[in-house]
Colleague: 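Before I ask anything, let me first share the structure, which is written out below as C-alpha cells.
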Amino acid sequence: IGGMDKISTQRGVQFYQTVFKTVVAVRTSKHSEAVKLLENSFRAINISFINEFSNYCDSAGLNVNEIIDAASTKPYGFMEFRPWVGVGGHCIPVDPHYLIKSEPVMEWPLLSDAMTEMHSRPSNLANVELRKKETKLNKILVCGVSYKPDISDVRDAPQKEFIETMLENNVEIHFYDPLVESYMGLTKVDSLTDASCYDKVYVMHQHSNYDYSALDNLSNVQSFVSKKNLHEKFSKPDEKLKSRPTLDDQIKSLRKTNSRENNNQKL
C-alpha cells in the first residue's frame with residue numbers, strides 16, 4: 001500500500017488490515033503501482049519463455065512437464081512456470097504495456113518481445129492444429145473458456161484468439177464450461193457425453209468440481225492443461241473438491257461477511 005503521503009498510507013494500511021493478515025506499506029502510491037507492474041511483467045516474461053521452451057520440446061519430442069518437474073527439484077534459483085495456450089485476466093496481459101509506454105524515450109526489448117509472443121500464441125497454436133493433416137477440422141469442442149480454472153471470468157481469455165482463428169477457417173465451434181453461461185455467441189453444451197462426435201476436443205482447463213472422465217480414452221482429445229500429459233486420465237473430481245467452493249463463491253462469501261461486520265459496527 002502506498003499513498004500520496006504518510007497519513008494516507010497509514011489509513012490505507014489500516015483499512016486493508018481489516019481484510020488481510022499481511023499488508024506491506026511502501027513509501028508512495030507510485031511505488032505501489034510499480035510493484036504491481038514489476039510483478040506482472042516478471043511473470044509475463046517467464047511465461048512467454050516457458051511457452052517458447054514448450055514449442056522446442058514439441059519439436060524435439062520431449063515431455064515439457066517432466067522436464068519442468070525435474071528442474072523444480074533444484075532447491076534454489078529455479079521458479080516453476082507452466083506452458084499454456086496463453087495468458088488471461090486483466091493483469092498480466094495488460095499491465096506490462098503500461099510499463100512499456102510509461103517512458104516514451106525508453107525501450108523495453110525483452111518485455112516487448114515477451115508480450116508479442118504472449119498475444120500471438122493462441123492464434124499460433126490454432127494454426128498449428130489447422131495444419132495437421134491427419135484430422136480435418138470441421139466441428140470442434142472447446143472445454144473451458146474462462147481465463148483460468150474455477151472462475152467464471154472471461155476477461156482477456158486467450159481462448160478467444162484461438163477460437164477466432166478457428167472461426168476464420170470455417171470451423172464450427174461449441175464450448176463446454178459449467179461456470180460460463182455464454183461466450184462469443186457459440187453454442188454451449190452442458191455435457192461431455194457426446195465428445196466423441198467432434199473432430200477434436202480441446203481441453204483448455206478443468207474446473208475442480210466437475211467430472212471430465214467422459215473424455216477418457218477418446219482419441220480426439222487435445223489437452224492444453226498444465227501438468228497433464230495427454231496419456232493421463234481426466235479423473236473424476238475428488239469428493240473433497242466437490243464440496244469446495246469456487247473462487248467466485250469465496251469472493252461472494254467474503255463480501256457478505258464484510259457487509260455483516262460493517263452493519264454490526266454501525267449498530
Colleague: Under 3.5 Å, side chain of Ser59 to main-chain N/O of Asn55, donor-acceptor pair present?
Modeller: yes
Colleague: Surrounding NZ of Lys6 (heavy atoms of other residues, nucleotides or ligands, distance under 6.0 Å), is the total greater than 12?
Modeller: no
Colleague: Going from OG1 on Thr135 to CG on Leu137, what distance comes out if it is rounded to the nearest 0.5 angstrom?
Modeller: 6.5 Å
Colleague: Strictly by modelled atom types, are Ser152 and Ser146 linked by a side-chain donor-acceptor pair under 3.5 Å?
Modeller: no
Colleague: Counting only N and O atoms by type, is there a donor-acceptor contact under 3.5 Å from the side chain of Thr73 to the main-chain atoms of Ala70?
Modeller: yes
Colleague: Applying a strict under-4.5 Å side-chain criterion to I, L, V, M, F, W and Y, I'd like to know whether Phe42 and Ile47 cluster together.
Modeller: yes
Colleague: Evaluate the side-chain contact (heavy atoms from CB on, under 4.5 Å) criterion for residues Lys36 and Asp95: first the C-alpha distance (whole Å), next the side-chain angles of each, then the deciding distance (0.1 Å), finally the verdict.
Modeller: CA-CA 8 Å; Lys36 177 73 169 175; Asp95 289 356; 3.3 Å; yes
Colleague: Looking at Ser213, is its backbone amide N or carbonyl O close enough to the side chain of Asp211 to form a donor-acceptor pair, meaning the two atoms are under 3.5 Å apart?
Modeller: yes
Colleague: Pair Ile50, Ile68 - check side-chain contact (heavy atoms from CB on, under 4.5 Å), show working.
Modeller: CA-CA 9 Å; Ile50 204 64; Ile68 295 171; 3.9 Å; yes
Colleague: Enter the distance from Ile45:CD1 to Asp113:CG here, rounded to the nearest 0.5 Å.
Modeller: 10.0 Å
Colleague: Where the side chain of Ser102 meets the backbone of Leu99, is there a donor-acceptor pair that is under 3.5 Å apart?
Modeller: yes
Colleague: Would you say the side-chain atoms of Arg121 pair up with the backbone N or O of Trp84, donor to acceptor, closer than 3.5 Å?
Modeller: yes
Colleague: Count I, L, V, M, F, W, Y as connected when their side-chain heavy atoms are under 4.5 Å apart, and connections chain through other members. Are Trp108 and Val87 then in the same cluster?
Modeller: yes
Colleague: Check whether the side chains of Arg43 and Asn40 place a donor and an acceptor atom closer than 3.5 Å, and report yes or no.
Modeller: yes
Colleague: If you measure from OH on Tyr176 to OH on Tyr210, what distance do you get to the nearest 0.5 Å?
Modeller: 7.5 Å
Colleague: Using 0.5 Å steps for rounding, measure from the CD1 atom of Ile140 to the CD atom of Gln222.
Modeller: 11.0 Å
Colleague: What verdict does the side-chain contact (heavy atoms from CB on, under 4.5 Å) test give for Glu164 and Met184, after you've listed the backbone C-alpha separation in whole Å, the side-chain angles of each residue and the deciding distance to 0.1 Å?
Modeller: CA-CA 9 Å; Glu164 285 177 339; Met184 296 179 65; 3.7 Å; yes
Colleague: So that I can tick it off, tell me whether Arg131 and Glu129 are bridged by a salt bridge, with the cut-off set at under 4.0 angstrom between side-chain N and carboxylate O.
Modeller: no
Colleague: So, Ser54 versus Asn51: side-chain donor-acceptor pair below 3.5 Å or not?
Modeller: no
Colleague: Are Ile67 and Phe81 connected in a single hydrophobic cluster, I mean Ile/Leu/Val/Met/Phe/Trp/Tyr linked by side-chain heavy atoms less than 4.5 Å apart?
Modeller: yes
Colleague: Kindly work out whether a path of hydrophobic side-chain contacts (I/L/V/M/F/W/Y, heavy atoms less than 4.5 Å apart) joins Ile7 to Val23.
Modeller: no
Colleague: If you take all heavy atoms of Cys91 and Pro96, which pair is closest and at what distance?
Modeller: O-CD, 3.8 Å
Colleague: Do His205 and Asp150 pair up side chain to side chain, a donor and an acceptor below 3.5 Å, judged on atom types alone?
Modeller: no
Colleague: Is there a side-chain contact (heavy atoms from CB on, under 4.5 Å) between Tyr212 and Leu192? Walk through the geometry before answering.
Modeller: CA-CA 7 Å; Tyr212 293 79; Leu192 295 172; 3.8 Å; yes
Colleague: Got a donor-acceptor contact below 3.5 angstrom from the Asp194 side chain to the Cys197 backbone?
Modeller: no
Colleague: Calculate, to the nearest 0.5 Å, the distance between atoms CE and CD1 belonging to Met115 and Ile92 respectively.
Modeller: 9.0 Å
Colleague: What are the two closest heavy atoms between Thr9 and Ile1, and how far apart are they?
Modeller: CG2-O, 3.8 Å
Colleague: Is it true that Leu125 and Val64 fall in one hydrophobic cluster, defined by side-chain heavy atoms closer than 4.5 Å?
Modeller: no
Colleague: Check the surroundings of atom NZ in Lys30: do more than 12 heavy atoms from other residues, nucleotides or ligands lie under 6.0 Å from it?
Modeller: no
Colleague: Using every non-hydrogen atom in the two residues, find where Pro158 and Pro122 come nearest and quote the distance to one decimal.
Modeller: O-CB, 3.2 Å
Colleague: Just by distance, do the side chain of Asn220 and the backbone of Ala195 share a donor-acceptor pair under 3.5 Å?
Modeller: yes
Colleague: Could you check whether His174 and Glu172, counting side-chain N and O atoms only, form a donor-acceptor pair closer than 3.5 Å?
Modeller: yes
Colleague: Parallel, tilted or perpendicular: which describes the rings of Phe175 and Tyr183, with under 30° parallel and over 60° perpendicular?
Modeller: perpendicular
Colleague: Mind listing the closest non-hydrogen atom pair of Asp156 and Pro93 along with its distance?
Modeller: CB-CG, 4.4 Å
Colleague: Taking ring-ring contact (aromatic ring centres under 6.0 Å, His included) as the test, write out the residues that go with Tyr56, two or more places apart.
Modeller: Phe53
Colleague: Just to verify, which of Val221, Leu141, Leu218 counts as forming a side-chain contact (heavy atoms from CB on, under 4.5 Å) with Tyr198?
Modeller: Leu141
Colleague: Tell me, please, whether Phe162 has Lys160 positioned over its six-membered ring: NZ or CZ under 6.0 Å from the ring centre and within 45 degrees of its axis?
Modeller: no
Colleague: Looking only at non-hydrogen atoms, find the nearest pair between Met166 and Ala126 and report the distance.
Modeller: CE-O, 3.9 Å
Colleague: When you look at CZ of Phe78, are more than 12 heavy atoms from neighbouring residues, nucleotides or ligands closer to it than 6.0 Å?
Modeller: yes
Colleague: Counting C-beta onward and ignoring hydrogens, is there a side-chain heavy-atom pair between Thr165 and Leu130 closer than 4.5 Å?
Modeller: yes
Colleague: For residues Pro178 and His207, report the shortest heavy-atom separation together with the two atoms involved.
Modeller: CD-CD2, 3.8 Å
Colleague: Would you check if Asn65 and Arg82 make a side-chain contact, meaning some heavy-atom pair closer than 4.5 Å?
Modeller: yes
Colleague: Rounded to the nearest 0.5 Å, how far does OG of Ser123 lie from CD of Glu161?
Modeller: 8.0 Å
